[in-house]
Every structure is written in structure tokens, then in C-alpha cells.
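Take a look at this one; I'll ask things after.
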Amino acid sequence: MSALLLILSACGDDPAPTDPVCGNGRVESGEQCDDGNRTPGDGCENTCTVTPGQQPDAGGDAGTSTDAGVGDDGGTDAGDGSDAGSDADAGSDADAGSEPDAGSEPDAGSEPDAGSEPDAGSEPDAGSEPDAGSDIDAGSAPDAGSEPDAGSEPDAGSEPDAGSEPDAGSEPDAGSEPDAGSEPDAGVDAGTDTDAGTSPDAGTGTDAGTDAGTSTDAGTAQVALDTFGPTGNFVRSGFTGPTFPEQLTVSLKEPAPAEVWVQLSSSSPAVRIVGENLVRIPEGARSAVVVVSADLDADPEVTKAVLTATLGNETLQATVQVLEVDQPASLALLSPETAQVDAGATYTFTMTLDVPPATDTQVDITLQPASLGTVPARVTVPANTLSASFDFTAATVAGEGTVVATLATQSVSANLRVMGSSTTDHVVISEIALRGPGGASDEFIELYNPTASTVNLAGWKVQYKSATGGTYTGSYTLPTGASIAPRSYYLVGSPSYAAGSSGVTLDATWPSTMQLGADDGNVRIGLPSLGNNPQDAAVVDKVGYGSGNDAEGSAVQAPSAASNTLERKANADSTPTSMSTGSDALSGNGHDTGNNRSDFIIRGTRQPQNKSSPAEPR
């Protein structure tokens, strides 16, 4: 049809002759029509009269092989693919398409031709504003240029076709603005009424991932939010990146079938989500890290912001705490606040700050008393983290104390108890009576052998020292022949000891010059070489009570009643009841952690045992 329109435009450039020329493409005086050819049967006969019942063609079909272009010049067609522009056709002087006009190689649509002012587009021609669609031109109602067409009924551009303004790309088609590839679509099933890519579908911010061409959406119905957190993390003003000390993450309940975009919003302008408030979860992934940017200048009073994640109809929230650029950190906790550690064992403590520091921060660590074990002198809390851990290694000496963490002028501490070893491989002091029914001097010290071998006690010494005395002043040497069988006892005591109803007699008696303090003091046993110095290496076992200053670990509390005694435990969890009538009554007295306070209980009634008493079954 373009070739035809160019021919008509070329004819429109010549002035009308005096006598009409039929076939020159101009409707002149006396002519009813002139379609630029004299082909019969096309609606405009070679006499330029209209055939009844037909419409003039004037390029009539503009695209068929029997139409626009065939005429006086004998050209092939000027409308099908082999014509419209060749030198042999629409381009001769006798046709609508002279050399400078539509049809020649440098013509057919060039700037000075089809569409220019003097050409196809002038007032009397086809293609001009008031033309291209009038009844007398190439553009009649059923033909090329009309509103519902772009060619004739059977041609390209009709309503059921594709190519006209209201057609190629119309709703039921594919390729137009409102269709495949457009902003609100991007995913239509081309040529059908079913879309797979409208606003809530593929390519938009809330979807991304339909099954193109089906009614099933693979970006909304098949994915759902699972978690959004952890909540309570931090971001610092002037900082852009993930939250800390943990990264804020949005996750789905299942892997994304296609790229999924989650919408985010913030309750405060001080916290902005990087990426235009959208977080992308790639196809096949289940989660993505949220990147934020903080600026307290946008909301100076804010301390935290609530972030909301939205996918479809689901929303989840998480809080983010906002820090100043150089906000200082303080010690919050040393955990655990109480620890019980076996001798020689390692135990981990964790030091926590109130907010993550902007730079690496060092905290001093001390142990009181230092004899309990070892700790590092200093621990570093890395920037943008909340805590750091360190190890305490217990010594072999039992005792109680504290672990202290110090930052600037602030300190936090944890209570510590070193239990020592509970596996006893030596004779121990198992029960002490500081007075009794027989009076203040009704005293005894019971020994127990937790080992599997008999121990020779001949020459061993039993000693006493006052609570604050510098040396052991009371001392008694066990007699020749003294021994103690496995899991058995040996009883030594004062001349005033009263066996009473128990009937248990002493195995050895110390002199009356040796007397134990009723409320506080220190007693010990040792090898024959034992002297009077508290630090003597020959000591085998010792007990401090009340305010006694030479205890193993910490001194045990002294009993308040005359009928009470101090008794060593059978196990770590032994109680006065379990030791008297419970599960530990026949378990011996072998628990020794090196800490008197942990190893002894106060018995309600005394229970002296000697070498004649039955051995403990376990």
C-alpha cells in the first residue's frame, strides 16, 4: 500500500491539465475516479467511471499482486515484494512516482518525498491531515488508511489482524503497550487472554516469578515469610551495612521458585533500608540479609526503629537499636555469676557489654585470690560485637574467690569455687568433736582410710593450733602399731572423751595438755617428720573451723551445740540427713576437694568410729 500512496502523492504534485487524462491518478474534470491505472474490474474503469456496486480502489488493496502499481508504465506491481520501488515500476514519468518521487532507489520514503510537504501528504493527496481516509482518496472506509483498517478487509491491519494502531498490540494480542513487555505486564502469554505478569505478577516489586502463560502464579501463592530477625540488633549513625552483632535476615518458608522481592519499611527516617526498601531473595534461596543505613540527624531523638517486612498479605517486624557515632560501651555482665570448678579443670566465662563498641575495646581480668588458678590479664571485645569469652584454669588447691572484669572505672564480677579433686588417695580427718555430753573436753578426731590398702600410722602426728596462732602448739604422736585398714577408721581423742551409749572407745589418747578450741581453730595430721610450721610439707590433711586461718580452702563453720560434730562428706551432694540415715550413711567419708567449707557438714548427733567398727561397704 505504501507504493500506491507514493504514486498518488507524485500525481498530486503536477498541475491539472486542460483535458482530463484517465490513468494519471488525478480526478479531473469529467472523471468520476482515477486510480492511476486502467485495469478493469477494480472499481474504477479505464474510462475513469465508477463500476456500479464497487468502490474505487486508488491503490485499492495496497499489498496484493493485482493492485497499486500495475498500469500505464507496465511495472510489475508497485505493491508486492518484487516491486514498490524498483526502477522498472512506480517511478516513470507516466506514473505516480517520477525520479524525484516515490518509487526510485533514493526515494520511496526519503525526506524530500513520501510524506513531505510537496508530496504524499499535500492537501489534495493521500496521507495529508484532512485526507488519508476521505471517500475520494486512498483511504476510503474499507481500504488502506481507514481507522478500522490498514489495508483492505483481507489485508494486514484489520481488526482481527495485527499492525494497525488499535490492533497490533491490542489486549488480545502481544506486543502492544499494554501487553507483553510493558511496565505493568512483562510476562503475558502472547496471543491469549491469559496473562501471567500483571501488577501482582512477574517483574513487579511484589512478585517476580509467575508461570508465564498459565493461571498459576509462582511468585505469590507459593512463597511465604518465615522469619525476620533476630530482633534487637544495632546500627550506628553514619554506618551502612548489615545490623550487628548479628545480621538482620528475612527468610521464606521454602526456597524461592523464582526471584522474590520483599518490601521493607522503617518507623523512623533515622534508619533507611538500602535498595529502595526492597530486599531480593534469589531463585532457589530461602533468605537474604537486610542492609541498612543510619543517620541520627534525620531523627535525633530516636533510640530504636521498628522495621516491617511485607510479602503479599504477610508482615513481620524486628527492632533495630540506633547508636550514636561514638557512643561509649559499658560492662553489663560477667557470666555465669557463680561457677563451681574442679581442681585443674578449665571453665569459660563470658563478658558482655551494654552496647557494641565502635572500636576494639580491651577489658582487664583479675582473679581474687590469685592462688585459685589463672585467667588472661586482658580480653578484647571486637568492634560492633557485644561480648568476649575467656578461660579460667583452676589450680589444684581448692578455695573460693571471685573473677573480676574491669573497663575504665567500672567492674563486674562472678563468684568462683574451686572444688579440688574429690578422689581421695590418702588418710583424711573424717569427724571432729569439739565438745560433747561429757563437757568441754569431751573431744575426738576420727580418721578414715578411703584407699584400698592398710596404712601404717605409727609415728604420725595429730596437731592443733589456735585460730590465729603462728605455730601448732598441741601435738600428739600415734603409738607404735597404730594402723588403719581400707575403708576403715581410727579414733584418737581427749582423756575426757565419753563413749556414752555408742560404746565406741578411743584407739589412742592424746595428753590432757592438748585441748581443742570449741568455736574456732585448726587441726591436722601428718607424717612422722611433721613439725610445727603451718607450711610443713609433711601435712597429709588439715581442717580449719570458725575463724581458723590454716584451712584447706575456706574454713568450715563451727558447730554451735555440744551434741554436734563436723563430718566429712561421702559425696559432693551429701547432706546432714543423707550422712546420718540416708544414702550416704554407709558410703564412708572420702570426699576431699581441698576446700573445708565444701567438704564438711555439721552432724546433729556425733557418730565416733574406731578401728573395730565395720568397714564401709562402699
Side-chain angles (χ1 to χ4, degrees), residues 426-449 454-485 488-500 502-534 536 538-546 548-552 555-556 558-559 562-568 589 596 600 603 606-613:
H426 57 83
V427 174
V428 295
I429 298 172
S430 55
E431 186 173 359
I432 305 171
L434 302 175
R435 55 184 176 269
S441 297
D442 188 358
E443 306 164 334
F444 68 80
I445 296 176
E446 176 193 272
L447 308 181
Y448 175 67
N449 178 12
T454 298
V455 176
N456 180 11
L457 298 177
W460 281 41
K461 294 178 181 175
V462 177
Q463 294 181 333
Y464 168 78
K465 181 181 81 70
S466 65
T468 59
T471 60
Y472 280 82
T473 56
S475 184
Y476 172 67
T477 300
L478 296 180
T480 301
S483 66
I484 184 170
S488 296
Y489 297 91
Y490 189 90
L491 189 65
V492 57
S494 159
S496 299
Y497 165 77
S502 69
V504 178
T505 59
L506 297 175
D507 294 315
T509 304
W510 63 60
S512 58
T513 55
M514 178 174 162
Q515 191 169 4
L516 308 182
D519 298 316
D520 50 29
N522 304 273
V523 295
R524 68 181 185 178
I525 59 172
L527 301 176
S529 61
L530 181 65
N532 295 330
N533 191 321
D536 198 303
V539 174
V540 174
D541 192 30
K542 62 182 179 180
V543 178
Y545 58 93
N549 62 1
D550 193 31
E552 284 188 355
V556 64
S563 59
N564 298 160
T565 60
L566 295 174
E567 184 178 30
R568 184 179 291 276
N589 305 91
N596 294 156
F600 281 81
R603 276 188 72 95
R606 54 204 269 164
Q607 187 191 29
Q609 298 172 86
N610 61 18
K611 63 181 181 180
S612 299
S613 299

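Basis for what follows: all heavy atoms, side chains included, without hydrogens, waters or symmetry-related copies. For clarity, every value in this text was computed on a predicted model and none was experimentally measured. Throughout, residue positions are numbered sequentially from 1 according to the sequence presented.
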Item checked: Closest non-hydrogen atom pair between G531 and D536, with its separation ->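 Closest heavy-atom pair between G531 and D536: N-OD2, 2.8 Å.
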Check: Which residue pairs pass the side chain to side chain donor-acceptor pair (under 3.5 Å) test when at least one of the two sits in residues 457-471, sequence neighbours left out?
Finding: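 As it turns out, the side chain to side chain donor-acceptor pair (under 3.5 Å) pairs with a partner in residues 457-471, which skip direct neighbours, are Q463-S475, Q463-R524, K465-N549.
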Note to self: What I want to check is whether the side chains of Y472 and D550 have a donor and an acceptor closer together than 3.5 Å.
What the structure shows: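 Distance-only check passes for Y472 and D550.
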Check: With a 3.5 Å cut-off and no angle check, do the side chains of N589 and E431 form a donor-acceptor pair?
Finding: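 No, no side-chain donor-acceptor pair sits under 3.5 Å.
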Margin query: Restricting to side-chain hydrogen bond (donor to acceptor under 3.5 Å, both in side chains), what partner residues turn up for S441, sequence neighbours left out?
Written below: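 Partners of S441 by the side-chain hydrogen bond (donor to acceptor under 3.5 Å, both in side chains) criterion, ordered by chain and then number, come out as Q515.
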Margin query: Distance check, rounded to the nearest 0.5 Å: I432 atom CD1 versus R603 atom CZ?
Written below: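 The distance works out to 14.0 Å.
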Notebook entry, point to check: For R435, what residues pass the side chain to side chain contact (heavy atoms under 4.5 Å, CB included) criterion, not counting sequence neighbours?
Noted result: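 Once residues adjacent in sequence are excluded, the partners of R435 under the side chain to side chain contact (heavy atoms under 4.5 Å, CB included) criterion are A518, D519, A562.
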Check: What residue among N533, L530, I525 forms side chain to side chain contact (heavy atoms under 4.5 Å, CB included) with V539?
Finding: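 Exactly one pass, corresponding to L530.
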Margin query: According to side chain to side chain contact (heavy atoms under 4.5 Å, CB included), who are the partners of S529, at least two apart in sequence or on a separate chain?
Written below: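 In terms of side chain to side chain contact (heavy atoms under 4.5 Å, CB included), with neighbours along the sequence ignored, S529 is linked to L527, A538.
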Notebook entry, point to check: Where do S430 and L447 come nearest, in terms of heavy atoms and distance?
Noted result: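 For S430 and L447, the tightest heavy-atom pair comes out as OG-C, 3.6 Å.
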Margin query: Over 60° means perpendicular and under 30° means parallel, so tell me whether Y448 and Y489 are parallel, tilted or perpendicular.
Written below: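 Plane angle between 30° and 60°, so tilted.
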Item checked: Those residues that, when tested against K611, pass side-chain hydrogen bond (donor to acceptor under 3.5 Å, both in side chains) (two or more places apart) ->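 Residues passing side-chain hydrogen bond (donor to acceptor under 3.5 Å, both in side chains) with K611: none at all.
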Check: Atom CZ in F444, atom CG in L516: separation rounded to 0.5 Å?
Finding: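 The distance works out to 10.5 Å.
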Note to self: Please enumerate all residues that pass side-chain hydrogen bond (donor to acceptor under 3.5 Å, both in side chains) together with N596, with sequence neighbours excluded.
What the structure shows: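 In terms of side-chain hydrogen bond (donor to acceptor under 3.5 Å, both in side chains), with neighbours along the sequence ignored, N596 is linked to no residue.
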Notebook entry, point to check: Looking only at heavy atoms, what is the nearest atom pair of Y490 and A482, with distance?
Noted result: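 Taking every non-hydrogen atom into account, OH-CB, 3.4 Å.
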